[in-house]
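A, B, ... follow the sequence lines: proteins, then strands. Residue 1 opens every chain.
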There are 2 protein chains.
Amino acid sequence: MEAVKAELNKTPRSLSKQARRKQLIEATIKCIADKGLSGTTMADVTQQAGLSLGIVNLHFQSKEKLLIETLSYISDEYTSGLNEIFNDDNLTAEQKILAHINFDFSRKIIDRNKLAVWFAFWGETKSRPTYLSICASYISEIANNLTHLFALLKQQGGYSTVNPDLVCTCYTALSDGLWLDLLITPKGLKPAQAQAVAMHYLATQFPNHFKSHTGH
Amino acid sequence: MEAVKAELNKTPRSLSKQARRKQLIEATIKCIADKGLSGTTMADVTQQAGLSLGIVNLHFQSKEKLLIETLSYISDEYTSGLNEIFNDDNLTAEQKILAHINFDFSRKIIDRNKLAVWFAFWGETKSRPTYLSICASYISEIANNLTHLFALLKQQGGYSTVNPDLVCTCYTALSDGLWLDLLITPKGLKPAQAQAVAMHYLATQFPNHFKSHTGH
DNA sequence: CAACTGAATGAATAACCATTCATTTTTACT
DNA sequence: AGTAAAAATGAATGGTTATTCATTCAGTTG
């Protein structure tokens, strides 16, 4: 405790700055979910954060930079969660895939505010390549890791007809589509059901490793 | 020719009005793709259409109504294309599903401008329920039709373990996710490849009817 | 405690943009 | 050709919002 506090005191300003930035980013997420990307004003964000109007420009210089930092924030959260799984040497390929699918549909990720932010930015991607460039690198990194896991499972399980690249593309697209479903029809599909759908697909490819539990 | 002209002359005003509205809607699609939903101004749209600033308010009363009509326009285009397939009594269930998947990844639908519009609106759905209500009815209608087709195929092909509802949810989400891929990584995935991925999934469920051609 | 430093505030500013409407142009019909 | 009605124009308006910055506030140091 004392040590932590002492460490905190080492750089009080910069730490406090980080905390304030995070506070503003989280207010931004809430605002984008509530009012949309176009409907979110500086007044909205600062009010949501309980701070004064000028604070965003003080910490982020401009609204555009705040939005970019917000996208980076949720991207990083997602990527680092997955990397923890990929880099865990105690897990088998099968366990890593299971952990991946659990993570993809966990409470932390399936938060409708955050889903709204994801899709708000996807919708602007074509007109603002910056948004895409933030995600492009992590997207291909995840795809590589996932493809590798599918290739391992193919080898270990003797699934001679499986095409790891194809399965990765299909699983990823399926996962994105289920996220969209969860965002737009909250009453229709529950996270657990969405996960079951994804699992059902994996079961078609690796029947000895994964079972679909949606029979009736 | 004469007959057509005469028919046209019956309601010259309203016809011209319809044409102008369509022209403005198509300009709006282009602008949303180029500048995003938030970045699209009335000046942009009217300039894109080669008309004067006040014209949108004359034909649509407000910007918001123009946007709603634009979403309805692409929704209707999609729905009516699918309904033609569903209602074609000359096609078997298998042929209808094939026609459906061909349509989903056809040039007419996989137009990056239109995809950008779809996702621009999806991204605002949570904050503007109106956008969702425009699509909600046709979404469930399509799901019903598709589920019915899968049920027929199950029956006819003796696929005893297939769950038509599950397959419909999975196929629909997969298709949405592939659309997103086509929008954001145009260099990465081609429409024909995306269609092959969707077909690969159908082949897992109905192996005697559909073949995956992505072996190597 | 007094001087100093940086964070925070919010009134004022300036840019932007949807909408209006008086005017002009086009079309339809006699 | 002449006229009336409809369509189109775009300068002017008014409301909104990002950004600025002079001032206030809080924490740190000597």
Peer 1: Salt-bridged, K30(A) to D34(A), with N to O below 4.0 Å?
Peer 2: yes
Peer 1: Which is it for D176(A) and Y171(A) under the side-chain hydrogen bond (donor to acceptor under 3.5 Å, both in side chains) test, yes or no, and what are the steps along the way?
Peer 2: CA-CA 9 Å; D176(A) 291 344; Y171(A) 174 79; over 6 Å; no
Peer 1: Over 60° means perpendicular and under 30° means parallel, so classify the ring planes of Y138(B) and W118(B), tilted if in between.
Peer 2: tilted
Peer 1: With the side chain of N57(B) defined as its heavy atoms from C-beta on, choose the nearest nucleotide among dA7(C), dT19(D), dT20(C).
Peer 2: dT20(C)
Peer 1: Check the distance between dT19(C)'s C1' and L53(B)'s CG and give it to me in whole angstrom.
Peer 2: 9 Å
Peer 1: Once you round it to whole Å, what is the distance between C1' of dT27(C) and CZ of R20(B)?
Peer 2: 13 Å
Peer 1: Would E84(A) and K96(A) pass as an ion pair if we require N to O under 4.0 Å?
Peer 2: no
Peer 1: Starting from P on dC17(C), measure out to CD1 on I55(B) and report it in whole angstrom.
Peer 2: 21 Å
Peer 1: Counting only side-chain heavy atoms from C-beta out, which of dT19(C), dG10(C), dT19(D) sits nearest to S62(A)?
Peer 2: dT19(D)
Peer 1: Hey, is the side chain of H59(A) poking within less than 4.0 Å of OP1 or OP2 on dA8(C), counting only N and O atoms?
Peer 2: yes
Peer 1: Taking atom C1' of dA6(D) as reference, at what distance in whole Å does atom CG of L58(B) sit?
Peer 2: 9 Å
Peer 1: H100(A) and ring pair (Phe, Tyr, Trp, His ring centres under 6.0 Å): which single residue from F86(A), F210(A), F150(A) fits?
Peer 2: F86(A)
Peer 1: OP1 or OP2 of dA7(C) less than 4.0 angstrom from a side-chain nitrogen or oxygen of K17(A), does that happen here?
Peer 2: yes
Peer 1: Any idea which of dA18(C), dT9(C), dT19(D) is nearest the T41(B) side chain?
Peer 2: dA18(C)
Peer 1: Starting at atom CG of L24(A), determine the distance to atom P of dA7(C), rounded to an integer number of angstrom.
Peer 2: 14 Å
Peer 1: When the distance from CE of M42(B) to P of dC21(C) is rounded to whole Å, what number comes out?
Peer 2: 15 Å
Peer 1: Rounding to a whole Å, what distance do you find between L66(A):CG and dT17(D):P?
Peer 2: 16 Å
Peer 1: How long is the line joining CD of Q18(B) and P of dA7(D), in whole Å?
Peer 2: 12 Å
Peer 1: Across the strands shown, which category fits T40(A) at heavy-atom distances under 4.0 angstrom: base, sugar-phosphate, nothing?
Peer 2: sugar-phosphate
Peer 1: Tell me which nucleotide among dG10(D), dT9(D), dT19(D) gets nearest to the side chain of L51(B).
Peer 2: dT9(D)
